[in-house]
Every structure is written in C-alpha cells, then in structure tokens.
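Working notes, beginning with the structure itself.
In this text, all values refer to a predicted model and were calculated from it rather than measured experimentally. The sequence lines fix the lettering, A, B, ..., with proteins before strands; numbering per chain opens at 1. Excluded from the calculations below are hydrogen atoms, water molecules and symmetry mates; all remaining heavy atoms, backbone and side chain alike, are included.
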Amino acid sequence: MPPILLVPIPPLQPETLATLARGIVERFQIAVLTDGSKSIDPAPAYDASRNQYDSSLLLSILLRLHSAQNGKILAVTEVDLYIPVLTFVFGEAQLDGKAAIVSVRRLDERFYGLPEKSSLLEDRLLKEAIHELGHTFGLLHCRRFECVMHASTAVEEIDLKSSSFCPECARLLDQKNRMGENG
Amino acid sequence: MASNNQHRTSLLVVDDEFVVRDSLSKWFRQDGYRVETAEDAASALRLMDKGPWDIVLLDIKMPGMGGLELQKRIKEIDPSATIIMITAFASVESAVQALKEGAFDYVTKPVDPDHLSHLVQNALRQKSLSKENIKLREQMSHLLTPDEIVGDSPEMKRVIELASSVAQTDTTVMIRGESGTGKELIARIIHANSPRKFFPIIAVNCGAVPEGLLESELFGHEKGAFTGAQYRRKGKFELADGGTIFLDEVGTISARMQVQLLRVIESKHFTRVGGSESIKSDFRVICATNRDLEQAVKEGSFREDLYYRLNVFTVSLPPLRERRSDIPALTQHFIRKYAQAMNKTVSGIDPSALDLLVRYPWPGNVRELENVIERAMVLATPPAIKPCDLPFQVVQAQPAANGDSLEAVERAHIIAILNRTNWNITRSAGILGIDRVTLYNKIAKYGLKRP
Ligand SMILES: [Zn+2]
Ligand SMILES: [Zn+2]
C-alpha cells in the first residue's frame with residue numbers, strides 16, 4: 001500500500017499532527033508521511049460572511065496540487081470547516097477517493113467554553129481522521145455506535161465511539177485494500 | 001448496514017441550487033443511501049418513477065412550481081413518502097404551511113448537520129421500526145454475553161436467564177444488588193441483546209454527579225444557560241435516542257430531580273437547561289440501585305410514582321459471598337486479564353491462596369476481587385499468585401468467615417503472619433512474640449501447611 005500523506009493546513013500545532021500520525025499508523029498498518037511542504041494556503045476557501053472555510057474547495061485545491069500522489073491524502077487544520085448547505089462539518093472525504101480533510105476546531109473543549117483537555121482532543125481527532133480515511137477507502141457509515149465509522153454530528157457522539165473499526169467494517173476495509181492491490 | 005441492498009434507504013433531493021444538491025447527495029451517500037437529485041419540480045416528478053423514495057428533501061422556494069405545490073403532487077403519487085422541507089430563513093411561514101399539509105418537518109438553510117441527521121434517522125425509524133424489530137429479533141437466537149460475565153453458579157445462571165428474557169422487550173428494568181456486583185455489566189448485556197443494540201447505551205452515575213450539574217448532564221444545556229455555557233451541549237437523554245439510558249444509583253437523586261425524571265420517562269420529551277425547544281428522545285430505561293428503595297418510599301425520600309415507573313421488572317444480583325463457587329473462575333478470568341495487560345507470565349494461583357479468596361466475605365464483591373487480583377499480579381512472581389501476594393486485609397478478615405472464637409482468630413493470625421514472611425519461621429515467631437518451638441507446635445495443632 002502506498003503511504004498516507006498527512007498535510008497540515010495552517011494554522012496547526014505541529015504536535016497535533018505528530019500524535020495523529022502515530023495513531024493512524026497503528027490503525028491502518030500503513031506508513032504515514034507528514035509533509036509540511038505539501039501544505040496549502042486556506043485563504044481562497046474563506047467565506048467572510050460565515051467566518052468559515054469551504055471544505056469541498058480545500059479538498060479540490062489539495063487534489064489539484066497533488067494529482068501525482070499515489071496514496072490517500074489527509075489534510076488537518078484548525079480552521080472551522082463547512083459545506084455550503086450545512087452550518088459546519090468536522091471533516092469531509094471523497095467517498096472511495098483520494099483526499100480527506102479534518103478540522104480540530106470543534107473537537108476542542110475550548111470551543112464549547114470548557115477547559116482545555118488535550119488528551120480528549122487527540123482522541124477525537126484520531127477518531128475523525130480514521131473515519132474520514134475510512135470513507136476514502138470506500139467505507140460507508142456503520143450502525144454500530146462503538147464503530148469508528150458511525151456517523152457523528154456532535155462531539156458527544158464522537159466520544160461515544162471508539163477509534164477502531166468494528167469486525168464488519170474491518171472486514172470490508174481489508175477486502176477493499178486487497179482489491180486495490182490487485183487492481 | 002448499507003450492504004443490504006433490498007432495504008437500502010432512498011432519498012430524493014429537490015433544490016434549484018447545484019451546490020445544495022451536490023453537497024447533500026454526497027453527504028447522504030456516505031450513509032449508504034441511494035440518492036438522486038432534481039433541479040426543479042418537473043424533473044422531480046419524472047423521478048417519481050424511480051421511487052419509491054423513503055425521504056424527499058424539498059426546497060420550498062424554486063422557480064416554476066414551488067415546494068408546497070410539489071409536495072401535494074408527490075403525496076398524490078406516493079402518500080407514504082416522508083417529506084422534509086428546506087427553507088431559507090425568510091420562508092418559515094410557508095414551512096409551517098407545509099407541515100399542515102403533511103410534511104414530516106422542515107429545516108432552515110444552512111442546516112445544522114446534527115439536526116438534519118437526527119431528523120432523517122427519526123423519519124426512517126418511524127417508517128421501519130416494526131419491520132426492523134422483527135428482523136433483529138430473528139437474528140438474536142442466542143444471548144451475547146461479554147466475557148466479563150463469569151460464573152456457572154445457579155444464582156448467576158438465573159440472572160442471565162432473567163436478563164435475556166427481558167432484553168428483547170422494551171420494558172423498564174431495575175437492577176438491584178450491592179455495590180461491586182456488576183450491575184452495569186448486566187445493563188449492557190440487556191442492551192446488547194435488545195433491538196436497540198445499534199444505538200448507544202448511555203450510562204449516568206446519578207450518585208457521582210453533583211446535584212447542581214445533574215440536570216444539565218441529563219438534559220443538556222443551551223448556549224448561555226449559565227456562566228461558562230458558551231455552546232449547546234447534548235445531555236444523556238438526547239444521546240440515548242434510539243438506545244438505552246442506564247441510570248446507576250438512581251436512589252440518590254434529589255426530590256426535584258425525581259420530578260423531572262418522572263416527567264421525561266413518561267413523556268419522552270424534555271427541554272435543555274436554558275432552552276425552550278421540546279426535544280423528543282426514544283429511549284429505554286434501565287436503572288440500578290443498592291438502596292432499599294421500598295424503605296425510602298415509606299420514609300418519603302423517594303417518590304412512589306417514580307418507584308412504580310422504574311420498578312417494572314427487577315433483576316437481583318447476588319453478592320459474591322452467596323455465589324462462592326464462581327470465585328475460582330472469576331479469579332482465573334482476572335489473572336488472564338491482567339497477565340495480558342501487564343505482560344506477565346503469571347498464569348495461576350496457589351491452592352492455598354485461592355482458598356483464602358474463596359473464604360473471604362467480599363463486602364466489595366466482584367469489583368473488590370478484581371482489585372485484589374490486579375494488586376496481586378503486580379507483586380506475584382511467575383508462575384502463580386501466592387498467599388503473600390494477597391493484601392493483608394484479605395487474610396486478616398478471614399476470622400469473620402470462620403467464626404470469632406479465640407482459636408479461629410489465632411489460627412488466622414498465624415496464617416497471615418506466615419504468609420507475610422513467606423513462611424520464614426524465625427521472623428514469624430519474632431513478630432508473633434513467641435519462640436520457634438511454640439510456633440511449630442501451633443502450626444501442627446492447626447494443621448497449617450506451607451503453600
Ligand atoms: Zn462520515
Ligand atoms: Zn462498523
């Protein structure tokens with residue numbers, strides 16, 4: 001399997017990316033490259049009236065820039081993301097595609113006016129990153145609430161799930177990976 | 001799961017804005033739904049042939065035929081279609097009109113993803129709950145139990161039987177038992193074997209949450225509900241939607257919370273702290289207590305109406321001392337668990353140490369046993385746990401199990417000291433304040449053997 005490329009989109013704390021990289025290696029058993037030089041400027045995706053960034057636009061900029069990249073690409077950022085019809089998204093992924101993006105903004109307890117909890121933030125980010133990467137491998141939402149592929153639209157729901165794939169999703173992921181290798 | 005193509009949920013998005021169609025269809029495809037889009041009423045009506053559509057998301061304001069008119073046409077073709085209106089902020093009045101004409105609900109652009117996702121789930125649940133239940137029930141011919149449930153004693157078998165018989169109903173369950181008997185585990189078994197198993201089980205320890213915080217913990221709060229509440233947070237009842245709420249130590253809640261609890265259990269509706277919107281949640285209640293609730297009702301500290309609401313079906317967990325035959329299996333289970341966690345090669349327990357465990361009264365039940373084993377695993381040298389690895393209290397408490405006669409106490413105390421010194425006779429005699437010969441005589445008298 002080609003490695004997963006982790007791309008920071010500023011602003012982002014470097015430790016956030018390093019911790020996340022370790023977690024992803026563990027779950028996917030695929031090498032992870034973090035490459036700050038592959039970063040992009042989020043400014044073109046900024047919507048001043050919403051004070052948010054269009055995640056679909058960021059994804060397409062990322063794809064255009066890294067069309068030669070073989071493996072999956074995951075962008076990580078602290079800016080607040082949205083897709084036009086929704087008030088916000090934690091992240092977005094191309095289903096069965098190449099790129100995904102996650103934001104730590106709404107995973108941070110401070111966003112909700114609560115004291116900072118860095119371990120909780122790391123947990124949530126890992127879950128959302130694995131979730132979006134799961135989509136790029138073609139996985140759909142899972143009904144099991146403990147499964148990382150369960151859809152979460154609130155942090156409280158992210159906290160309910162684990163960072164692992166349930167046996168059914170793990171089997172599907174394995175199947176898709178093997179198909180990917182043969183094709 | 002989405003792999004089940006026959007029951008694949010279908011969703012039609014009708015909106016004149018490309019970006020709305022595009023992002024909503026991408027969003028719902030990740031749920032495994034079959035999604036099609038239409039840019040106006042005419043193409044939406046053409047797509048009715050490719051239905052039936054479980055859910056139609058309908059923009060209320062479109063050029064040409066508007067959403068309200070289209071809703072009527074769709075309902076004529078398929079009365080069972082669930083319609084959710086999408087409105088801009090300005091057209092809430094027409095959304096209300098749509099509701100009068102049979103729309104399921106409406107959302108305002110831009111849509112809160114959490115609201116949209118739960119709205120769609122609720123609509124689907126309403127549509128297929130009965131079908132789904134039958135399907136799930138058929139799949140659950142045998143009871144799934146986590147491996148923490150260890151024990152072959154008749155008492156434990158009876159508990160598992162009760163749990164399994166009540167799991168597939170939607171009945172409120174009260175689990176009673178001393179602390180440490182594993183009440184939450186039983187709640188999880190009931191949930192995992194119920195038709196609600198794909199939805200979460202949300203545990204709340206009512207005794208551990210300070211009274212002032214319990215209300216927002218249970219019902220959530222709105223932004224600005226109190227100092228520090230800068231954003232809306234969901235409460236436990238909202239998170240339990242579709243699933244089960246497990247109220248541990250329910251006997252500890254205040255009179256004021258008892259009233260609120262009764263209300264939410266009866267109506268399945270509540271409002272967040274500082275909010276006015278009525279939130280609906282479909283949950284099952286499992287509660288647990290180690291208190292004498294009947295006495296509390298008699299004394300007036302626990303509401304009688306709430307008591308009857310909660311006490312529909314009772315599962316009583318026996319204390320560990322009443323199912324001592326399970327202690328060896330539980331011990332072995334915890335040894336395996338901690339050997340793995342600590343990466344230690346300790347794989348068993350000496351018979352004399354096990355004997356101590358079996359005879360100890362275990363006021364803290366299974367939880368105490370687990371703590372004792374965890375501690376012993378830290379101290380133990382491979383291959384097995386020895387009496388000296390057990391905490392002194394366990395050994396000392398032994399007289400209680402053997403009777404309070406002076407002889408029994410002396411015997412237990414000698415065993416304790418011998419174990420503590422790893423049967424070093426000179427040191428033990430020193431601690432006991434007797435000479436070695438006297439100690440040898442006592443060892444012979446009580447038939448003590450080195451483990
Ligand atoms: Zn997702
Ligand atoms: Zn899954």
Side-chain angles (χ1 to χ4, degrees), chain A residues 47 49-50 52 54-57 59 81-97 100 106 108-115 131-132 134-136 138-147 149-161 166 168-169 171-172 175, chain B residues 1-3 13 15 17-33 57 59 86 107-118 120-121 132 191-192 196-202 220-221 223-224 226-236 238-243:
Chain A
D47 181 326
S49 68
R50 302 179 55 140
Q52 285 178 312
D54 184 331
S55 73
S56 312
L57 206 56
L59 276 187
L81 301 175
Y82 76 97
I83 59 176
V85 70
L86 299 180
T87 49
F88 76 92
V89 287
F90 291 125
E92 188 185 345
Q94 291 182 298
L95 190 58
D96 227 341
R106 287 173 193 255
D108 192 332
E109 284 292 89
R110 286 174 298 179
F111 181 83
Y112 305 93
L114 299 169
H131 179 98
E132 297 304 348
H135 282 317
T136 65
L139 293 186
L140 299 168
H141 287 154
C142 176
R143 304 206 315 183
R144 292 166 183 81
F145 71 93
E146 312 94 325
C147 176
M149 289 315 293
H150 191 73
S152 324
T153 42
V155 272
E156 298 90 341
E157 290 173 355
I158 298 175
D159 294 341
L160 287 178
K161 66 185 180 186
C166 73
E168 172 80 352
C169 288
R171 195 180 57 76
L172 284 171
Q175 219 170 52
Chain B
M1 278 261 335
S3 51
V13 179
D15 199 304
E17 271 185 273
F18 169 76
V19 71
V20 173
R21 298 197 301 273
D22 184 53
S23 47
L24 281 182
S25 56
K26 274 186 195 151
W27 204 64
F28 282 113
R29 273 184 195 130
Q30 299 192 330
D31 288 309
Y33 301 165
L57 284 166
D59 185 14
I86 310 175
V107 293
T108 331
K109 274 191 271 190
V111 189
D112 178 352
D114 194 45
H115 181 58
L116 183 59
S117 129
H118 286 94
V120 168
Q121 278 172 37
E132 188 75 350
H191 174 76
R196 296 175 173 270
K197 66 175 178 180
F198 288 116
F199 293 89
I201 172 165
I202 305 292
H221 65 251
K223 186 177 176 174
F226 44 81
T227 329
Q230 293 177 32
Y231 211 87
R232 194 190 86 196
R233 288 297 287 244
K234 288 188 183 193
K236 304 291 189 189
E238 200 170 342
L239 287 171
D241 191 16

Kindly compute the distance separating [atom1] ([X]) from [atom2] ([Y]), expressed to the nearest 0.5 Å.
X      : Y      : atom1 : atom2 : result
A:H150 : B:F198 : NE2   : CZ    : 11.0 Å
B:R29  : A:H141 : CZ    : NE2   : 14.0 Å
A:F145 : B:I202 : CZ    : CD1   : 7.0 Å
A:L86  : B:D114 : CG    : CG    : 11.0 Å
B:K197 : A:R143 : NZ    : CZ    : 8.5 Å
B:Y33  : A:L140 : OH    : CG    : 11.0 Å

Next item on the list: Applying side-chain hydrogen bond (donor to acceptor under 3.5 Å, both in side chains), name anything that partners A:E132, two or more places apart in sequence or on another chain.
Entry: none
Pick one of side chain, backbone, both or neither for [X], based on which atoms fall under 4.5 Å of a heavy atom in chain B.
X      : answer
A:F88  : both
A:I83  : side chain
A:A154 : both

Note to self: Could you work out, with ring pair (Phe, Tyr, Trp, His ring centres under 6.0 Å) as the rule, every residue matching B:H191, not counting sequence neighbours?
What the structure shows: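 Applying ring pair (Phe, Tyr, Trp, His ring centres under 6.0 Å) to B:H191 gives none.
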Next item on the list: Search all heavy atoms of A:A93 against all heavy atoms of B:Q30 and return the closest pair with its distance.
Entry: O-NE2, 3.4 Å
Checklist line | Max heavy-atom pair count under 4.5 Å with chain A, selected residue of B:S117, B:P200, B:G243 | finding: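 Going by pairs under 4.5 Å, I would pick B:P200.
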Margin query: Side chains of A:T153 and B:H118, heavy atoms from C-beta outward: is any pair under 4.5 Å?
Written below: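 Side-chain contact under 4.5 Å: yes.
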Note to self: Against A:P84, only a single residue in B:V19, B:L24, B:D22 fulfils side-chain contact (heavy atoms from CB on, under 4.5 Å); can you say which?
What the structure shows: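 By the side-chain contact (heavy atoms from CB on, under 4.5 Å) criterion, A:P84 pairs with just one of B:V19, B:L24, B:D22: B:V19.
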Item checked: Test: A:E109 and B:R233 ion pair at under 4.0 Å ->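 The answer is yes: the pair qualifies as a salt bridge.
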Note to self: Does any backbone or side-chain atom of B:I86 lie under 4.5 Å from a heavy atom of chain A? Answer side chain, backbone, both or neither.
What the structure shows: neither
Next item on the list: Counting only heavy atoms closer than 4.5 Å, note whether B:S23 contacts chain A via side chain, backbone, both or neither.
Entry: both
